[in-house]
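Letters go in sequence order (proteins before strands), and every chain restarts at 1. Keep in mind that this is a model prediction, so the values were computed, not measured.
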Number of protein chains: 2
Amino acid sequence: MTEGRGATGASSDGTAAASSPRGGAARVTLRDVSRLAGVSTTTVSHVINNKVGARIGDDARRRVREAVEALGYRPNATAANLVKGQSSFIGLVADSIATTPFAGQIIRGAQDEAWRLGYTLLIANTEDNADAEAEALGMMLAHQVRGILFSTWYHREVTLPAGLSEVDHVLVNCYASDGVRAVVPDEVGGGRAATELLLAQGHRRIAFLNTTTPSPARRGRIAGHREAMAVAGIDVDDELVIDTAPDQEGGFVAGQRLADLGVTGVCCHNDRVAMGVYDALRERGLAVPDDVSVVGFDNQEVIAAHLRPPLSTVALPHYELGVQGVRLLMGVEDFPAVGPLRVACPPIGRSSVARPRVGTA
Amino acid sequence: MTEGRGATGASSDGTAAASSPRGGAARVTLRDVSRLAGVSTTTVSHVINNKVGARIGDDARRRVREAVEALGYRPNATAANLVKGQSSFIGLVADSIATTPFAGQIIRGAQDEAWRLGYTLLIANTEDNADAEAEALGMMLAHQVRGILFSTWYHREVTLPAGLSEVDHVLVNCYASDGVRAVVPDEVGGGRAATELLLAQGHRRIAFLNTTTPSPARRGRIAGHREAMAVAGIDVDDELVIDTAPDQEGGFVAGQRLADLGVTGVCCHNDRVAMGVYDALRERGLAVPDDVSVVGFDNQEVIAAHLRPPLSTVALPHYELGVQGVRLLMGVEDFPAVGPLRVACPPIGRSSVARPRVGTA
DNA sequence: GTGAAAGCGCTAACAC
DNA sequence: GTGTTAGCGCTTTCAC
């Protein structure tokens, strides 16, 4: 304890800051500050952390502040976390972060809210690979995260990686069979909203282009559609519920059949499908929205806002999902008694819906 | 040092794991492992970290492994980092993470490479707000990051936040006036590549739709265009270099003028402009690529790959930018003697370029 | 080959 | 109001 301080101890002569051109942060410690300020480390710790209930004299407080300034002191979170046995990290493991803007929005929402609550997000991108998941989890656990958000870029069921159970967690945009806490979009409500966009303008003969992929979206949106139609007192003509691939090509193919079906409006599984429908309709000489009104889903900005005409659609609440995820995790928000927390999918009106040419209302 | 261990020492009776239902990771420490294995903490540390040159007996090694397994021990990175004075974090501060897929790709590239090198990315989203930047920096510095990547979602000049200089850093997709290390896309090369896509098919009368926004992209791409034209022995007709807003609307407006200019091909500032050009051309009864060949820029997947016909374009190397950013930061890669590191923008051939109808070559 | 012991920089009792 | 002190869990000389 008396010798062997050569290595690092030597740095405490007051002006070690910025001396190491590359590598870590400043090497000024809280101890250096306490010395300069002529107070104990406890006092410094208290003023730095704005500890409430710590009675510190105005003078001491000022001297500490000045010393911090003079030395360019930066607290070492590592040391603080070690003592507290807890970090201020929240882990977010995502199956994708750039494939679509969706995952990005979840991350952004989670980040903003975490930040607001004083936490930092530790993000890991697994590309849905189990090894990466395990490694990411290990890393997060090693860093003493407060909890973990497990998210997917599209709404689906997942199997949880082992190890997730070692820590508090909530699923975002996905769910697991058993009672694992989760936040997901309200697909049924979304399907209802999409349909209502058309219903409100007086449409009654409405096609519904569903995806061929089994998923909560496939099941939920059509259910919402049927609900809305029922409320409007319209029988759903099953001929108008068409399964098609959830992309432009699928929309194009299904769109070609629309002209012969005598519909005045169509709900598409997503914006890309709507984009294909636009193309198909145009080829048949039909105008949107004058001949056929079109509603998308997802509110994928780059498509929806810039199609000609701009597409009315229903937004997936990714940002909100991220926000709620951390609120739930941190206990700021409460879970419903049963099932996942469902977040509303708000309708976004643009210009692809008009009153039907031949009034049918 | 002989007493006072009551507080926490009590937890080490062997089976403290998983006792705290929520909150941190397991409370099993390396010390618990050493006791179970009947070795010293030093030995445990060595085998856990696969310390090379540490001579550990096969038997001891095995016993440690078993103890780790039995106890479900997880190393505490916080403690390790404290001792080492360095974390295995690399900070990435981005001005956006979800506005476009661009930022996401940078993050993904950086993440993948960091992971490969044994580091974890600490990501902060500042939305270009100075306060958020300062806070993010402080947080990263507090966590003893090894270095910081400062990135922007579009290529531009930035002013560095104070504090960045306290730590090793490199700019990604942006640059600062002085000699700050940076990685950026090679805009000139990209402009050349876009033009060559057309030149290679025999086009000679080529329009260039430039953005109205001053930027490296605006300056670089046209320069590359001129270079390529010069190499092909073609004088650039300045009437064919048109400034227009860098979005669909801008492309639509400029696209309408194209028909009267007698061009057979057009280079667009980006894919959204190309999208607008498609619309304008179609309105004038012109087909892509039969009447006019179109080349975009950005390779914004959701647009480029799904326009009808799919758009030939030039990709912005965001993923690669992220990768190179961490390689440069970590010294795995060397910087050019002068200026930023420029990463190539590769051409992506799809179906919007064909030989001109009236051969002009 | 293995272990003892000294801290990394900080927080939190607790004493004064 | 302020200071002393005992560690947080780990790595790392250095001794044997």
Can you tell me which residue pairs pass the side chain to side chain donor-acceptor pair (under 3.5 Å) test with a partner in residues 322-332 of chain B, sequence neighbours excluded?
B:Glu113-B:Arg327, B:Glu320-B:Gln324, B:Arg327-B:Glu333
At less than 4.0 Å, is any side-chain N or O atom of A:Thr78 found next to OP1 or OP2 of C:dG9? Yes or no.
no
Any A:Val44 side-chain heavy atom under 4.5 Å of A:Val39 side chain:
yes
Once salt bridge (Lys or Arg N to Asp or Glu O under 4.0 Å) is applied, do any residues pair with B:Arg181, and if so which ones, sequence neighbours excluded?
B:Asp168
Measure from CZ on A:Arg61 to P on D:dG3 and round the result to the nearest Å.
13 Å
Contact letters for nucleotides 10-16 of chain C, in which S counts primed atoms plus P, OP1 and OP2 and B counts the base, heavy atoms under 4.0 Å:
BSBB---
5'-most by nearest nucleotide on DNA chain C - B:Leu82 or B:Ala60:
B:Ala60
Separation of C:dG3 C1' from B:Arg63 CZ (nearest whole Å):
13 Å
By side chain to side chain contact (heavy atoms under 4.5 Å, CB included) - contacts of A:Ala67 (at least two apart):
A:Val33, A:Leu36, A:Ala37
For B:Gly53, answer base if it contacts any base atom (sugar-phosphate contacts may also be present), sugar-phosphate if it contacts only those atoms, and nothing otherwise; contact means non-hydrogen atoms under 4.0 Å.
nothing
Donor-acceptor contacts under 3.5 Å from residues 87-97 of chain A side chains, at least two apart:
from: A:Ser87; atom 1: OG; to: A:Phe89; atom 2: N; distance (Å): 3.0
from: A:Ser87; atom 1: OG; to: A:His143; atom 2: O; distance (Å): 3.2
from: A:Ser87; atom 1: OG; to: A:Gln144; atom 2: O; distance (Å): 2.8
from: A:Asp95; atom 1: OD1; to: A:Trp153; atom 2: N; distance (Å): 3.0
from: A:Asp95; atom 1: OD2; to: A:Arg156; atom 2: NH2; distance (Å): 3.0
from: A:Ser96; atom 1: OG; to: A:Thr99; atom 2: OG1; distance (Å): 3.0

Partner set under side chain to side chain contact (heavy atoms under 4.5 Å, CB included) for B:Glu127, not counting sequence neighbours
A:Arg108, B:Asn125
